[in-house]
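A short write-up of the structure that comes next.
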Amino acid sequence: MSEQGHAGGKKLYLSVWFWLLALTIFEVILAYQRLPLHPMLVILMALSMIKAALIISYFMHLRFERMSLFLTLFPALIFCIVMLMLFFPDAIRLYELRVP
Amino acid sequence: MFLAFLIWIITLITMYGFASGKWSFPVEAATHAHQMDRQFYITLVVCGIIFFLAQMGLGWAMYRYRDRTGAKATYSHGNVRLELIWTAATAILFLTLNLMGQKVWAELRLQAAPAEAIRIEVWGQQFVWNVRYPGKDGQFGRIDARLMSDSSGNPLGLDDKDPAGKDDIVVPTMAVPVNHPVEIILRAKDVTHSFFVRELRVKQDAVPGMAIPIHFTPTRIGIYEVACAELCGLGHYKMRSTLEVLSEEDYQKWLKERAPQ
Amino acid sequence: MPEVAHTHVEHAHPAPTGFIRKYIFSLDHKVIGTQYYLLALFSVFVGLILSVLMRMHLVWPNASIPGLGAIATSGAPGGVMTPDLYLSLMTMHGTIMVFFVLTTAPQGGFGNYVLPIQIGAADMAFPVLNMLSFWVTFLGLLALLAAFFVTPPLSGWTAYAPLSAIGAVAGPGQGGGQTLWIISIALFCAASLMGALNFIVTTLDLRTRGMKLMRMPLTCWAWFITAILALLGFSVLLGAGILLLLDRLAGTSFFVPAGLVVSDQLLTKYKGGSPLLWQHLFWFFGHPEVYIAILPGMGAVSQIISTFSRKPIFGYRAMVYALMSIGFLGFMVWGHHMFMSGMSPYSAMVFSVLTMAIGVPSAIKTFNWIGTLWGGNIRFTTAMLWACGFVSLFITGGLSGLFLAQPIIDVYLTDTYFVVAHFHMIMGVASIFAIFAATYFWFPKMFGRMLNEAWGKLHFWITFIGVYAIFIPMHFLGIVGNPRRYAQFTEFDFLKPFIPVHHFISVVAFITAGAQLIFLFNFFYSLKKGPKADINPWECTTLEWTVPSPPPHDNFEGRPPAVYHGPYEYGVPGAEKDYVMQTDSTPLPVATGH
Amino acid sequence: MSSTDVQYTAGASVWDGGTSPYAIGSKKLGMWLFIIADALTFASLLITYSYLRTATDNWPRPFHAWPSITMATVMTFCLLSSSVTMVFGVAAAARNERKRSAMWIVFTILGGLAFVVLHLNEWRGLIEEGVTPFNNPWGVPLFGAAFFTLTGLHMTHVIIGCLYLSVIAFAFGRGKFSAEDVEVSGLYWHFVDLVWMFIFPMVYLLSNSMVGAH
Ligand code: HEA
Ligand code: HEA
Ligand code: CUA
Ligand SMILES: [Cu+2]
């Protein structure tokens, strides 16, 4: 519990914070670029994923833990979320078969 | 070891039950019914063999290796080759079985109904079925949920301002001509129901807010019962209607009798 | 043995003294495990009584049952059950059995009691969380029972929307009772999440020295993987439950489309939701749930079969990998419950292949059980009988799953008694058989006394023959197209010829249900009067058999054991006894390949 | 599942029992697992939202640059900043500077409270415009339902987090609890922040009045 407590200095955290804010601003600006919905969704999600990765690895210290902890936790979560995506063929079908 | 005999006996009785022919599907009254039944019987044979071998093997192991005084169990942690063999064997078996079934499914559900199919709407509601024919114009009239009322005789809420709806026929039982493709569009007024006709081997949920198309071609004249197969409330068990498969002439007569004046 | 730095977490809380701290709000995993077990035992008998009432109504819809009128005045006026009461009984039966029996007894009960001991820990990782998880489960049960007395819900254990979402207009039971049902399930989710988290951390962190992962008994593997499934599955159900509750209480319409007309009344409140969405969310949890119900049973059965065959388990690694792949595939097949729901037919094809694929690891398990028996020297104790019965039932029930897994066959069989037969065979009775096997096996450890073997065997014979006689005919009913969830079979011409079969099923069900009283009697009688149990009555090798029966407060009295062998070293050639305990530090006489 | 056996073959001795294979405390592992579960609950809600949006025509895009998007950006700023102060609090706790750690955590709580206040203010504005869980001025009532459910569940998490951190700050400052407890509470707080990183683009940015149709 102690050794990894000092893994990063103040400066590192502040720069992560800066990047997170920068990405947020970038997202907001992007949202006003009149892109069609789907490319926009993809880009925004990719950016959010980067932000999430920054938070997880630095603020939540996962980068300074053993790799095995990451391997225990995240494959399962990602797998489940990917599985949840299997709902979407149906959302499209619902869109097509929908009656008022 | 008594259990071994018991398992054998139960296995045999079960297999007899399935094989006796006393419990079989109702008559086949649609074109796809035969393929479907065949897939079932193939699966039955395959599973029957596995069932027999596995239960017999289980019983045999229990009988042969029951507690024998002085005997000692063989010391073994398993046999990797054997395991690989049966894993591969079951995998191939199950996959083949599955692919055979998929073909029939694709024909039944992935293809759209043929253009000449008769289109009929079937509506589920607590706890009756309503059927709508488009009438001579082949067009379904507009429907308005606000007008739906069983008590005033307009269960589907036909809007009489729409000319296309003037000749629509709304009836509680249905009829279709034999050897002619039929497309049924399933709708529901309140909760989810399921349209089930045993002889036609047809079942599909009717979901509120969706219009789900299915299609089939009846091949045998007769009167069949329509049941509801999705829990829809306390009257679920008595949500019954009938489906008549008629000859072409009888079907036209049937329609004429019911056409609104 | 590589020496590992030993940083074992010392047992923090001392043995409590007061009655309440010791038996009610106890932090001891053994007490909590027993509490879970007793909760399941109570629930299973409630569920059993409900099933008996159901079977009565199915064959004598108009008979008056003495005394029932007094309990359920509106549901059974004059003692005659109404169709809506039937549906409520069925809903309660399914919910209680799936959630409060099969998710509590094998995992919360035996898992809680045995897992820490088997891995050489003094307690679970988070004793307080453990206690909370039991008491929240208990609250959930109370909420469910309360639902039964408010207005019993009748939308089945799957609670399909819109029937479950639109309130009392859809039927008498859909008012407050349905809301309580959802609250009960949400509480249950929360409790299961706490439990699952605790199990995972305990298994990963608290194994004693030398208890490598691949030396864990298969029971521990099963509990561990079940906990992972529970952690991932219940969190999704919790989300779904919140949404359904909002639909009912806050006027949202996630699962309810617009323009519903229920008994001539237009519902203007709801707009635009999707009934299929509920089904997806429910079954995303629901299928992993059925494996949650059976994996711990598979673990216990593996342990018992190996012990009483006096033979190492056949293919230990294959068994572990099979458990993992069942768990993994279990998340990819939920769509097989929705083939006819209006789901995309392309999705159906994908789900179908994946579902059949689950047959492969299941077959590995079956083969390896038989392989373990093969060449053994089998001791037919009662526990062993139940375990062998489990294997037989699992084969029977699993194979009928392969029919349902093919959409083209499922068109006809879905929502018929074939499905009822399938899930009772594999879940209703195979899992219950595993619970019984585990009960006969661990009772001596848990309560320090032996169960009576003769009664146990009598109970087994009646139940084994009984369940086959109840549920095999249900397959035939499915083949002739008898729909499920029908309160009576009097309304359809095609059903009338089969009423005698239902009579037969009902009568056997009454006998089988009656036979469970033998168990109840045996249980409570042996608790008081059974012969005292030794430390290791079954000559089993795992750690729980190295401590007294019942074990002391912190299991190993502050001296966690070290482990030197795999869990199933039976019949080792050249060893002095026919089994080698996991704690035995002498090396095995022969090279074992481990 | 399959990941565990990878670790087994790779990890050699740390997996042999008697020690934590990750070299972290059990509480921390427990919190991580809780986070995984909670993330899935949020995922199921976000999927619900996306599913319904995909299946619906003319999903409303009512959020204008002022006030909604700007305020949401400011709220994001609050949460992100509170995460940094939390990191400092955890670092101070690890050095056993209890008072300093408590101070940083108090800043964190203030960030959280600012978020809640701004958010409630936004809710109020929307409710005044006529947005409810079952209705709104722009058609597609599900918009309001999804909006309030998602942001409501998240706000509940923030509020619970504030309470949790208050307890930690108070007790830790007075010499109770260990640095690990602080770190564990930090994990929770960062997770709440993380969830917002998905809600913000999906609910706000993609519903801003300039996004393309459907
Ligand atoms: C413990 C619970 C449990 C388990 C383990 C299973 C296991 C399986 N289930 Fe079942 N199932 C349920 C509980 C369970 N099920 C419940 C409760 C329902 C109904 C829910 C409701 O609607 O209310 C249901 C419904 C259900 C359906 C939906 C039916 C419908 O509503 O239309 C389907 C369809 O695919 C299915 C399939 C399967 C399959 C393929 C397996 C497979 O995992 C089975 C694998 C096992 C085997 C295949 C046997 C293994 C042995 C061998 C193969 C031996 C081989 C030997 C030799 C070759 C010698 N199940
Ligand atoms: C664990 C699950 C379980 C168990 C054990 C049972 C046991 C029984 N079930 Fe049930 N049943 C379900 C789960 C279960 N059921 C589910 C999920 C449904 C679906 C509900 C729905 O549609 O929504 C259902 C539905 C269902 C129906 C269909 C209703 C319908 O569709 O109309 C019927 C009809 O006969 C039925 C009958 C029976 C009978 C006669 C028994 C028994 O009487 C058989 C004999 C019993 C035993 C052999 C077990 C006794 C066990 C013990 C005493 C255990 C001791 C416990 C401990 C030691 C902790 N059940
Ligand atoms: Cu309509 Cu069941
Ligand atoms: Cu399933």
Side-chain angles (χ1 to χ4, degrees), chain B residues 3 7 10 14 23 36 39-40 43 47 51 54-55 57-58 61-62 65-67 71-75 77-78 83 86-87 90-91 94 98 101-102 104-105 109-110 145-146 148-151 189-192 198 201 203-205 207-210 212 225 227 229 231 233-234 236-238 240, chain C residues 83-84 156 160 162-163 171 257 259-262 264 266 275 310-312 314-315 318 340-342 345 349 353 356 359-360 363-364 367 370 373-379 388 391-392 395 399 402-403 406-409 411-412 415 468 472 476 479 481 483 485-488 491-492 494 571 573:
Chain B
L3 181 59
I7 288 184
I10 290 179
T14 307
W23 306 98
M36 227 157 110
Q39 182 68 18
F40 177 86
T43 312
C47 287
F51 178 68
Q55 301 280 15
L58 175 65
M62 284 160 55
Y65 300 104
R66 68 189 184 276
D67 203 355
K72 201 159 185 209
T74 25
Y75 182 75
H77 280 281
E83 288 187 51
W86 63 50
T87 309
T90 37
F94 289 165
N98 189 274
Q102 300 276 12
V104 194
W105 170 257
R109 290 293 168 100
L110 297 188
R146 275 165 300 189
M148 287 183 184
S149 159
D150 297 324
S151 41
K189 264 167 76 172
D190 38 30
V191 300
T192 309
R198 295 186 315 144
R201 309 286 189 277
K203 188 182 285 149
Q204 174 61 53
D205 283 7
V207 183
M210 285 173 89
I212 301 172
E225 287 180 289
L231 179 60
L234 57 99
H236 171 55
Y237 69 101
K238 57 181 177 194
R240 176 181 182 272
Chain C
D84 29 322
Y160 276 15
L163 185 60
L260 297 193
V261 181
V262 185
D264 274 5
L266 179 65
R310 314 308 298 163
K311 217 179 141 247
F314 192 95
M340 297 308 132
S341 66
M349 297 174 81
V353 178
M356 297 282 266
V360 177
I364 295 178
F367 284 125
I370 298 178
L373 291 169
W374 209 274
N377 191 26
I378 304 170
R379 299 183 185 164
C388 292
V391 178
S392 171
I395 297 172
L399 287 175
L402 297 183
F403 291 78
Q406 304 177 52
I408 192 66
I409 304 179
V411 171
Y412 184 87
D415 278 314
Y468 263 107
I472 287 291
F476 304 143
I479 292 176
R485 293 169 168 176
Y486 269 28
Q488 301 170 17
E491 305 297 315
F492 282 82
F494 79 86

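For a residue to count as touching a neighbouring chain, one of its non-hydrogen atoms must lie under 4.5 Å from one of that chain's; by this rule B:Met148 touches chain C with backbone and side chain alike. Looking at C:Ile472, the atoms closer than 4.5 Å to chain B (heavy atoms on both sides) all sit in the side chain, from C-beta outward. Interface remark: C:Gln406 contributes side-chain atoms only to the contact with chain B (heavy atom separation under 4.5 Å). Only the side chain of B:Glu225 comes within contact range of chain C, judged by heavy atoms closer than 4.5 Å. Residue C:Phe492 touches chain B through both its backbone and its side chain, counting heavy-atom pairs closer than 4.5 Å. For C:Ala363, the part sitting under 4.5 Å from any heavy atom of chain B is the side chain, from C-beta outward, and nothing else.
When C:Pro162, C:Pro257, C:Ser392 are compared by the number of non-hydrogen pairs under 4.5 Å with chain B, C:Ser392 comes out ahead. The greatest number of non-hydrogen atom pairs below 4.5 Å with chain C, out of B:Thr87, B:Val207, B:Asn98, B:Ile212, is found for B:Asn98. In terms of heavy-atom pairs under 4.5 angstrom with chain C, the leader among B:Lys238, B:Arg198, B:Glu83 is B:Arg198. Most heavy-atom pairs under 4.5 Å with chain B, from the set C:Gly571, C:Gly375, C:Pro407: that is C:Gly375. Between chain B and the options C:Leu266, C:Val262, C:Ile409, the largest number of non-hydrogen pairs under 4.5 Å is found for C:Ile409. The most heavy-atom pairs under 4.5 Å with chain C, out of B:Thr43, B:Val104, B:Thr192, B:Thr90, come from B:Thr43. When B:Arg109, B:Arg146, B:Arg201, B:Gln204 are compared by the number of non-hydrogen pairs under 4.5 Å with chain C, B:Gln204 comes out ahead.
One finds the CD atom of C:Glu491 at 9.0 Å from the CZ atom of B:Arg240 (value rounded to the nearest 0.5 Å). Separating the NE2 atom in B:His236 from the CG atom in C:Asp84 is a distance of 14.0 Å, to the nearest 0.5 Å.
With sequence neighbours excluded, the residues that form a side-chain contact (heavy atoms from CB on, under 4.5 Å) with C:Asp415 are B:Ala229, B:Glu230, C:Arg484. B:Asp150 meets the side-chain contact (heavy atoms from CB on, under 4.5 Å) test with B:Gln125, B:Pro155, B:Lys189, C:Asp264; sequence neighbours excluded.
Two residues are said to be in side-chain contact when any heavy atoms from C-beta on lie closer than 4.5 Å; B:Phe94 and C:Leu402 meet this criterion. With contacts defined as side-chain heavy-atom distances shorter than 4.5 Å, the pair C:Arg485/B:Tyr237 does not qualify.
Of all non-hydrogen atoms in C:Leu373 and B:Ala61, the two that sit nearest each other are CB-CB, 3.8 Å. Minimum interatomic distance between B:Tyr65 and C:Gly376 (heavy atoms only, all atoms of both residues): CB-O, 3.3 Å. The minimum heavy-atom distance linking B:Pro208 with C:Leu260 is given by the pair CB-CD2, 3.6 Å. Listed here is the closest heavy atom pair of C:Ile408 and B:Met36: O-CG, 3.2 Å. For the residue pair C:Gly259 and B:Ala145, the shortest heavy atom distance occurs at O-CB, 3.9 Å. For C:Ile395 against B:Ala54, the heavy-atom pair with the smallest separation is CD1-CB, 3.6 Å.
Ring orientation note: the planes of C:Phe367 and B:Trp86 are close to parallel, at an angle under 30° on the 30°/60° scale.
Side-chain N or O atoms of B:Trp105 include one that pairs as donor or acceptor with a backbone N or O of C:Pro345 at under 3.5 Å.
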